[in-house]
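In what follows, a single structure is set out as structure tokens and then discussed.
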There are 2 protein chains.
Amino acid sequence: MRATTGSREGAPQLRADARRNIELILAAAEACLARNPDASMSDIAAEAGLGRVTIYGHFASRQVLVEAVVRRVLAAADAALDEVDLSGDAAAALERLVDATWRVTMRSGSLLVAAEKALPATVVRQAHAGGLEERVRGFFTTAQASGAFRSDLSADWLMAIFHAIVHVAANEIDAGRLDPDQASSTITSTMLAILGASPFPGGEATPA
Amino acid sequence: MRATTGSREGAPQLRADARRNIELILAAAEACLARNPDASMSDIAAEAGLGRVTIYGHFASRQVLVEAVVRRVLAAADAALDEVDLSGDAAAALERLVDATWRVTMRSGSLLVAAEKALPATVVRQAHAGGLEERVRGFFTTAQASGAFRSDLSADWLMAIFHAIVHVAANEIDAGRLDPDQASSTITSTMLAILGASPFPGGEATPA
DNA sequence: ACTAACTCAAACACCATTGTTTGACTTCGG
DNA sequence: CCGAAGTCAAACAATGGTGTTTGAGTTAGT
């Protein structure tokens with residue numbers, strides 16, 4: 001091996017199987033860490049069907065690997081959320097946002113926990129800040145400014161609550177107390193209540 | 001030492017300093033684990049100002065110690081919440097409940113994480129179930145039945161959201177994005193919105 | 001004051017993990 | 001088909017945790 005890059009640099013021209021294995025490793029690491037943030041390199045290697053040493057051939061350390069996985073997942077999330085139409089009726093836009101966020105979160109699982117444990121914490125926040133957070137915060141603030149959402153709770157607080165509720169839904173499903181099919185609508189309903197907005201026509205049922 | 005009990009059993013009649021040290025250990029473990037769920041026995045011993053071996057003299061293993069701490073904290077929480085008057089106006093009762101819960105949570109920190117990592121998970125849920133959860137769930141269900149809170153979200157979901165929001169508040173304070181003095185009122189305001197209830201007279205400001 | 005209870009530092013065995021090296025083996029690419 | 005690139009099992013050192021033993025020192029209780 002030349003330099004245990006793990007990312008693109010000059011142009012080492014990796015062989016085809018090497019590139020394929022890097023992909024396997026990243027996918028395996030993503031799956032393992034989503035299940036258990038403390039997954040070891042052996043676990044990941046086994047999941048990838050490769051030798052543990054092979055991983056070190058491409059990623060210099062566990063930290064480097066975790067960082068690569070986090071970047072990858074966050075990039076995918078960013079791309080997925082970029083597709084979401086946040087214009088038009090705020091309540092309808094929120095439902096679309098929740099749907100997309102929910103799908104993304106299902107894939108990531110406890111990966112964020114692994115990240116915050118193995119990374120300097122500045123890396124995690126910086127990676128989140130680039131695009132992802134800004135997009136959601138922008139949606140909340142403009143909807144607040146237009147009067148569609150209440151303004152007495154800060155956009156930061158709303159974002160934090162939003163993320164937390166999504167995670168709660170995942171936990172509740174895991175505990176068997178929430179039907180997976182109802183997760184998205186339950187999250188939307190809860191968020192709409194917090195935001196002080198009426199459900200859009202055809203959306204959630206209004207309480208008596 | 002006789003039997004490394006850690007709890008009451010027959011009646012070994014511990015000496016005064018032993019009893020005092022057990023108290024020190026439990027307090028130190030509570031503080032350490034609240035800070036870092038992975039705190040080692042050495043960390044805890046240092047925090048208590050005792051030798052590591054002394055801990056093993058009273059608690060047979062790390063798991064036993066963590067379990068004891070969890071029980072202790074949960075008992076204290078249960079006692080604190082037992083003091084709360086949950087009768088009368090539902091919104092006012094909620095504010096009292098939030099206040100008490102917030103105070104309790106401030107002390108526990110990430111201890112619950114430590115518990116779920118070191119304990120068989122059945123122990124944790126069982127310990128929670130005894131009194132604590134039942135009291136809160138009971139409050140939600142009766143308030144829902146009386147029409148004070150919306151009924152289209154399950155009491156389980158509401159409880160989970162409640163706990164999550166309290167934790168979010170702690171994190172946001174930690175990140176410097178939330179004023180500690182406003183935490184309790186922000187939580188109350190958010191929960192009232194979710195519950196579809198109007199703030200009680202003299203409570204939170206209503207959004208336009 | 002005397003004894004039993006308790007504490008504690010040091011050293012031990014044990015285990016899981018990370019990260020490295022070696023040398024034989026397999027596969028890609030020209 | 002041949003050489004370079006890549007893989008991998010085995011073995012290695014280093015680290016850091018848990019749990020135990022020992023033996024000497026300290027403290028409580030009577």
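Order of the sequence lines sets the chain letters (A, B, ...), proteins ahead of strands, with each chain counted from 1. The shown structure was predicted, so the numbers you read here are calculated from the model rather than taken from an experiment.
- Within residues 33-44 of chain B, no residue approaches DNA chain C, by heavy-atom distance under 4.0 Å.
- From A:M191, atom CE reaches atom CG of A:L97 across 8.5 Å, with rounding to the nearest 0.5 Å.
- Here the CD1 atom belonging to A:I194 is positioned 5.0 Å from the CD1 atom belonging to B:I165, to the nearest 0.5 angstrom.
- Residues B:L132 and B:D78 share a closest heavy-atom pair of N-OD1, 3.4 Å.
- Scored by the side-chain contact (heavy atoms from CB on, under 4.5 Å) test, A:V84 finds A:L86, A:R96, A:A100 as partners (sequence neighbours excluded).
- A close approach under 4.0 Å does occur between a side-chain nitrogen or oxygen of B:N21 and OP1 or OP2 of C:dT7.
- Around atom CZ of B:R135, more than 12 heavy atoms belonging to other residues, nucleotides or ligands sit under 6.0 Å away.
- When rounded to the nearest whole Å, the span between CG of A:L24 and C1' of D:dC8 equals 15 Å.
- Applying the salt bridge (Lys or Arg N to Asp or Glu O under 4.0 Å) rule to pairs touching residues 182-191 of chain B yields nothing, sequence neighbours excluded.
- The overall bend of the helix from C:dA1-D:dT30 to C:dG30-D:dC1, read as the angle between its terminal helix axes built from five base pairs each, is 30° when rounded to 10 degrees.
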Can you check each nucleotide of nucleotides 9-15 of chain D against protein heavy atoms at under 4.0 Å and return B for base, S for sugar-phosphate only, - for none, in 5' to 3' order? BBB----
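- At a threshold of 4.5 Å between non-hydrogen side-chain atoms, the residues A:W102 and A:T188 do not count as touching.
- Contacts of B:D174 classified as salt bridge (charged side-chain N to carboxylate O under 4.0 Å, His left out), with partners at least two apart in sequence or in another chain: none.
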At under 4.0 Å between heavy atoms, which parts of nucleotides 25-30 of chain C does protein reach? Answer with one letter per nucleotide, 5' to 3': B base, S sugar-phosphate only, - none. --BSS-
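- Whole-Å rounding puts the B:Q13 CD to D:dA28 C1' distance at 13 Å.
- Nucleotide D:dT18 holds its P atom 15 Å from the CZ atom of B:F59, rounded to whole Å.
- Comparing C:dT7, C:dT18, D:dG19 by their closest approach to the side chain of B:T54 singles out C:dT7.
- The salt bridge (charged side-chain N to carboxylate O under 4.0 Å, His left out) test applied to A:E116 returns no partner, not counting sequence neighbours.
- Between the C1' atom of D:dG6 and the CD1 atom of A:I55 lies a distance of 15 Å, rounded to the nearest Å.
- Listed by chain and number, the residues in a salt bridge (charged side-chain N to carboxylate O under 4.0 Å, His left out) with B:D181 amount to none (sequence neighbours excluded).
- Proximity of A:H58 to the phosphate of D:dG6: no side-chain N or O atom is located under 4.0 Å from OP1 or OP2.
- In this structure, the ring pair (Phe, Tyr, Trp, His ring centres under 6.0 Å) partners of B:F139, at least two apart in sequence or on a different chain, are B:F149.
- Listed by first and then second residue, the salt bridge (Lys or Arg N to Asp or Glu O under 4.0 Å) pairs involving residues 22-32 of chain A are A:E23-A:R72, A:E30-A:R72 (not counting sequence neighbours).
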Show which side-chain atoms of residues 31-50 of chain A pair as donor or acceptor with protein atoms under 3.5 Å away, not counting sequence neighbours.
unit_1, atom_1, unit_2, atom_2, d
A:R35, NH2, A:E47, OE1, 2.9
A:R35, NH2, A:E47, OE2, 3.1
A:N36, OD1, A:D38, N, 2.8
A:D38, OD1, A:K117, NZ, 3.2
A:S40, OG, A:S42, N, 3.4
A:S40, OG, A:D43, N, 3.2
A:S40, OG, A:D43, OD2, 3.3
A:D43, OD2, A:S40, N, 3.0

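- Taking atom CG of A:L65 as the reference point, atom P of C:dT18 lies 10 Å away to the nearest angstrom.
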